[in-house]
Amino acid sequence: MRKIIVFTDIHILPEGGRIIGLDPAARFAQGLSHAVAAHPDAARIVITGDLTHHGAPEEYRRLRDLLKGCPLPVSLMSGTHDRVATLLQGFPDTPVTDAGFVQDIIDLGDTRLILLDTLDEQAPDIHSGLLCAHRLDWTERALAGANGRRVVVFTHHPPIPSGFDGMDAIGLTNRGDLIARLAAHDN
């Protein structure tokens, strides 16, 4: 399997924005620089959501600027704090399904990466995730097409209990549906 660099919950804010006194963009820039320098042989970078803190256009513009010149391919996923329409305006080449979900399949030799969009912009608790019937059917096809490759599935919302009560409370609400599909495939 090829090396994959994973970032999550980078929460980019407009210039000058801070979370608990820290600038998320500066921290991401530092992490990205280190990852690229230490792992130039990586096949890809995957950022698993919460790309921005408010889903605002200026936040996606700032992220785009931070990624400019990155020598590795980057895959972006949506998270609770993202807004798909604005994400796609800022990154129009982002792969989406025919129903508009930010999902992708990336084959790297003997490994298939499946990136799932677990964002539920209508969640009553505003933070939990969901894989609707369309996304689950898409996942089924992605798994079936793996043709013996090892499969690595990426989600923003935890698909299994993490052991952290706060995180589990806002995880994937229908995790059993995804786990059943994964268990049915021997990849």
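- Note that CG of Asp117 and CG of Asp120 are 10.0 Å apart. Values are rounded to the nearest 0.5 Å.
- Separating the CG atom in Leu76 from the CD1 atom in Ile47 is a distance of 5.5 Å, to the nearest 0.5 Å.
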Next on the checklist: Is there a side-chain contact (heavy atoms from CB on, under 4.5 Å) between Thr86 and Thr52? Walk through the geometry before answering.
Outcome noted: CA-CA 10 Å; Thr86 313; Thr52 67; over 6 Å; no
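- Side-chain contact between His134 and Asp98: present, with at least one pair of heavy atoms (C-beta onward) separated by less than 4.5 Å.
- In this structure, Asp168 contributes its side chain and Gly166 its backbone to no donor-acceptor pair below 3.5 Å.
- The nearest pair of heavy atoms linking Leu72 to Ala42 is CD2-O, 3.3 Å.
- When all heavy atoms of Ile45 and Cys70 are compared, the pair lying nearest together is CD1-SG, 3.8 Å.
- The closest side-chain heavy-atom distance from Val151 to His185 is not below 4.5 Å.
- Checking side-chain atoms of Thr173 against main-chain N and O of Gly129 turns up a donor-acceptor pair under 3.5 Å.
- Annotation: Glu140, atom CD; neighbour count of heavy atoms from other residues, nucleotides and ligands within 6.0 Å is above 12.
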Next on the checklist: With salt bridge (charged side-chain N to carboxylate O under 4.0 Å, His left out) as the criterion, how do Lys68 and Asp65 come out once you've worked through the C-alpha distance, each side chain's angles and the decisive distance to 0.1 Å?
Outcome noted: CA-CA 5 Å; Lys68 233 178 243 171; Asp65 290 345; 3.2 Å; yes
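- His156 places no side-chain N or O within donor-acceptor distance of the main-chain N or O of Thr8, the cut-off being under 3.5 Å.
- Within the 3.5 Å criterion, the main-chain N or O of His81 finds a donor-acceptor partner in the side chain of Asp50.
- Distance alone, capped at 3.5 Å, places no donor-acceptor pair between the Arg135 side chain and the Gln103 backbone.
- With hydrophobic clusters built from ILVMFWY side chains whose heavy atoms lie under 4.5 angstrom apart, Val84 shares a cluster with Leu51.
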Next on the checklist: Between Arg61 and Ile12, is the side-chain contact (heavy atoms from CB on, under 4.5 Å) condition met? List the steps.
Outcome noted: CA-CA 10 Å; Arg61 280 193 296 276; Ile12 300 300; over 6 Å; no
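- Taken together through direct or relayed side-chain contacts under 4.5 Å among Ile, Leu, Val, Met, Phe, Trp and Tyr, Phe91 and Leu66 form part of one hydrophobic cluster.
- Here the closest non-hydrogen pair linking Ser78 and Leu119 is OG-CB, 3.7 Å.
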Checklist entry - Is there a side-chain contact (heavy atoms from CB on, under 4.5 Å) between Leu108 and Ile4 once you walk through the steps? => result CA-CA 10 Å; Leu108 300 171; Ile4 308 297; 3.5 Å; yes
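- When side chains are defined from C-beta on, Leu32 counts as touching Leu67, because their heavy atoms get closer than 4.5 Å.
- Neither Phe28 nor Ile19 shares a network with the other; the hydrophobic side chains, linked directly or stepwise wherever heavy atoms of I, L, V, M, F, W or Y lie under 4.5 Å apart, form separate groups for each.
- Formation of a donor-acceptor pair under 3.5 Å by the Asn174 side chain with backbone atoms of Leu130 is not found in this model.
- Here the straight-line distance linking atom OG1 of Thr139 with atom CG of Leu182 works out to 8.0 Å at 0.5 Å rounding.
- Side-chain contact check for Met167 versus Pro158: some heavy-atom pair is nearer than 4.5 Å.
- Asp23 places a side-chain heavy atom less than 4.5 Å from the side chain of Arg18.
- Taking CD of Glu58 as the reference point, atom CZ of Arg64 lies at 12.0 Å (rounded to 0.5 Å).
- For Ser75 and Arg44, the side-chain atoms include at least one donor-acceptor pair closer than 3.5 Å.
- Residue Gly145 comes nearest to Arg112 through the heavy atom pair C-NH1, 3.2 Å, listed as atom of the first residue, atom of the second, then distance.
- For the pair Ile114/Trp138, a side-chain contact is recorded, criterion being any heavy-atom separation below 4.5 Å from C-beta on.
- Ile105 is connected to Leu136 through a chain of hydrophobic side-chain contacts under 4.5 Å among Ile, Leu, Val, Met, Phe, Trp and Tyr, so both are in one cluster.
- The hydrophobic clustering, which links ILVMFWY residues whose side-chain heavy atoms are closer than 4.5 Å, places Val153 and Phe101 apart.
- Rounding to the nearest 0.5 Å gives a distance of 13.5 Å between CZ of Phe154 and OG1 of Thr118.
- Scanning all heavy atoms of the two residues, the minimum distance from Arg83 to Thr80 falls at NH1-O, 3.2 Å.
- Side-chain atoms of Asp82 come within 3.5 Å of backbone N or O of Gly79 as a donor-acceptor pair.
- A donor and an acceptor atom, one from each side chain of His54 and Glu59, are located under 3.5 Å apart.
- Rounding to the nearest 0.5 Å places NE2 of His11 at 4.0 Å from CG of Asp9.
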Checklist entry - For Tyr60 and Leu88, what are the C-alpha separation, side-chain angles and deciding distance, and is it a side-chain contact (heavy atoms from CB on, under 4.5 Å)? => result CA-CA 9 Å; Tyr60 291 108; Leu88 295 176; over 6 Å; no
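- Here the closest heavy-atom approach between residue Val102 and residue Met77 is recorded as CG1-CA, 4.3 Å.
- Taking 4.5 Å as the limit, every side-chain heavy atom of Leu131 sits out of range of all side-chain heavy atoms of Asp177.
- Under the 3.5 Å distance criterion, the side-chain polar atoms of Arg150 are left unmatched by any main-chain donor or acceptor of Asp110.
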